[in-house]
Amino acid sequence: MLSKEKKDMNNLIIRQIQREEYPILEDFLFNAIFLPSDAEPIPHEIIYEPEIYIYVKDFGGKDDCGVVAEQDGQIIGAAWTRIIPAYGHIDNETPELAISVLPGFRGKGIGSKIMQNLFDLLRVRGYKQTSLSVQKDNPAVRFYHRLGYEITGERLDHANHEDFLMMKYL
C-alpha cells in the first residue's frame with residue numbers, strides 16, 4: 001500500500017502533490033529543460049510554448065499523477081505523469097513522465113526516491129508502464145536506465161534535438 005508520506009534522516013518527505021501546489025509545476029518544468037553546458041541561458045517564458053506547456057497546462061485531470069520531495073518546508077523536487085500528445089507519447093494508456101530536482105539538490109538520490117514513490121502510485125492506479133522523452137546528450141539518460149527505462153525509439157523534438165523515447169514497465 002502506498003503511504004501518504006515517506007520521511008528519511010535528512011528531513012526529506014516524499015508525498016503526493018496537493019492541488020494548491022500544482023502552480024509550482026511551471027517552475028519545475030522550466031528546471032527540467034536540459035541545456036548543454038555551453039548553451040546560452042533560456043528565458044523562463046519558453047515554458048509557455050505549446051509543445052512544452054502541455055506538460056503542466058490544466059494539471060489535475062483524472063490521468064494526472066504527481067509526487068514532490070519536500071525538505072524543511074520547501075519543495076525541492078517533483079515528478080509527474082500525464083497522458084498527453086507530447087514528445088514521449090506512446091498511447092492513451094501510458095502516462096508520460098516529467099521530473100525535476102532543483103539544482104542545489106541534485107546528485108543526492110532525491111530523484112530516485114521521487115521516482116520510486118511515483119512508480120508505486122502509478123501501480124496503485126493501475127498503470128502498466130510509463131514513458132518519457134529525453135535528449136540523447138542529456139546525462140539523465142543514465143538515470144532513466146538505472147530506473148529501468150529502455151530506449152524504444154528516437155525522435156526529433158520541436159527544436160530539432162535528437163531525443164530518445166524511453167519506456168518502463170511497472
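Hydrogens, waters and symmetry mates are skipped; everything else that's a heavy atom, side chains included, is used. Since this is a predicted model, take the numbers as computed values, not measurements.
- The shortest side-chain heavy-atom distance between L170 and Y127 falls under the 4.5 Å cut-off.
- By the ring-ring contact (aromatic ring centres under 6.0 Å, His included) test, Y55 pairs with no residue at all, sequence neighbours left out.
- Shown here are the side chain to side chain donor-acceptor pair (under 3.5 Å) partners of D137, two or more places apart in sequence or in another chain: there are none.
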- request: Test I52 against L29 for side-chain contact (heavy atoms from CB on, under 4.5 Å), laying out the working first.
  value: CA-CA 8 Å; I52 299 172; L29 178 61; 3.8 Å; yes

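- With sequence neighbours excluded, the residues forming a ring-ring contact (aromatic ring centres under 6.0 Å, His included) with F30 are H44, listed by chain and number.
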- request: Carefully, step by step, assess F59 and I17 under the rule side-chain contact (heavy atoms from CB on, under 4.5 Å).
  value: CA-CA 11 Å; F59 186 86; I17 190 169; 4.3 Å; yes

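- M167 and I151 fall into different hydrophobic clusters, where Ile, Leu, Val, Met, Phe, Trp and Tyr side chains are chained together by heavy-atom contacts under 4.5 Å.
- If you take CD1 on I24 and CD1 on I75, they are separated by 3.5 Å, rounding to the nearest 0.5 Å.
- In this view, L35 and A39, I42 satisfy the side-chain contact (heavy atoms from CB on, under 4.5 Å) rule, not counting sequence neighbours.
- The closest side-chain heavy-atom distance from T130 to Y169 is not below 4.5 Å.
- Checked against side chain to side chain donor-acceptor pair (under 3.5 Å), Y87 has the following partners two or more places apart in sequence or in another chain: H158.
- Atom CD1 of I14 is separated from atom CG of N117 by 6.5 Å, given to the nearest 0.5 angstrom.
- A salt bridge does not link E26 to K57: none of the charged side-chain nitrogens sits closer than 4.0 Å to a carboxylate oxygen.
- P103 places a side-chain heavy atom less than 4.5 Å from the side chain of N31.
- Exactly one residue among V68, I114, L12 makes a side chain to side chain contact (heavy atoms under 4.5 Å, CB included) with I76. That residue is L12.
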- prompt: Stepwise, does the salt bridge (Lys or Arg N to Asp or Glu O under 4.0 Å) test hold for K136 with E154?
  reply: CA-CA 9 Å; K136 286 182 176 184; E154 298 181 21; 2.5 Å; yes

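- No continuous path of hydrophobic side-chain contacts links L97 to F34 [ILVMFWY only; heavy atoms under 4.5 Å].
- For the pair D91 and I83, the minimum side-chain heavy-atom distance is 4.5 Å or more.
- Between E96 and S131, the side chains place no donor N or O within less than 3.5 Å of an acceptor N or O (distance only, hydrogens not considered).
- Looking at residues two or more places apart in sequence or on another chain, you find no salt bridge (charged side-chain N to carboxylate O under 4.0 Å, His left out) involving E51.
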- prompt: Could you go step by step and tell me if L121 and Q16 meet the side-chain contact (heavy atoms from CB on, under 4.5 Å) rule?
  reply: CA-CA 9 Å; L121 184 57; Q16 287 187 49; 3.6 Å; yes

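- Put simply, the side chain of S100 gets close to the backbone of F28: a donor and an acceptor are under 3.5 Å apart.
- Every residue was checked against the salt bridge (charged side-chain N to carboxylate O under 4.0 Å, His left out) condition with R106, not counting sequence neighbours, and none meets it.
- Among residues two or more places apart in sequence or in another chain, the side chain to side chain donor-acceptor pair (under 3.5 Å) test is passed with H89 by none.
- Under the ring-ring contact (aromatic ring centres under 6.0 Å, His included) criterion, Y48 pairs with Y53, not counting sequence neighbours.
- Using modelled atom types, one side-chain atom of R82 and one backbone atom of I54 make a donor-acceptor pair closer than 3.5 Å.
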query: After noting the C-alpha distance and the side-chain angles of M166 and L132, does the key distance pass the side-chain contact (heavy atoms from CB on, under 4.5 Å) rule?
result: CA-CA 5 Å; M166 301 181 82; L132 62 86; 3.8 Å; yes

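- Side chains of I99 and M115 form a contact here, defined as non-hydrogen atoms less than 4.5 Å apart.
- Residues F164 and Q135 are not in side-chain contact: their nearest non-hydrogen atoms beyond the backbone lie 4.5 Å or more apart.
- A distance of 3.5 Å separates CD of Q129 from OG1 of T94, quoted to the nearest 0.5 Å.
- Annotation: side chain of Q74 is in contact with side chain of F105 (closest heavy-atom distance under 4.5 Å).
- With sequence neighbours left out, the ring-ring contact (aromatic ring centres under 6.0 Å, His included) criterion links F143 to no other residue.
- Taking CG from N138 and CD1 from I33, the interatomic distance works out to 11.5 Å, rounded to the nearest 0.5 Å.
- With hydrogens and angles left out, the side-chain atoms of Y22 and D64 include no donor and acceptor closer than 3.5 Å.
- With sequence neighbours excluded, no residue forms a salt bridge (charged side-chain N to carboxylate O under 4.0 Å, His left out) with D163.
- Residues satisfying the side chain to side chain donor-acceptor pair (under 3.5 Å) test with E150, not counting sequence neighbours, are none.
- Note: C65 SG to L122 CG = 4.5 Å, rounded to the nearest 0.5 Å.
- Between atom CD of residue E70 and atom CD of residue Q18 there is a gap of 9.5 Å, rounded to the nearest 0.5 Å.
- In the hydrophobic cluster analysis, where Ile, Leu, Val, Met, Phe, Trp and Tyr join through side-chain heavy atoms closer than 4.5 angstrom, I110 is grouped together with V67.
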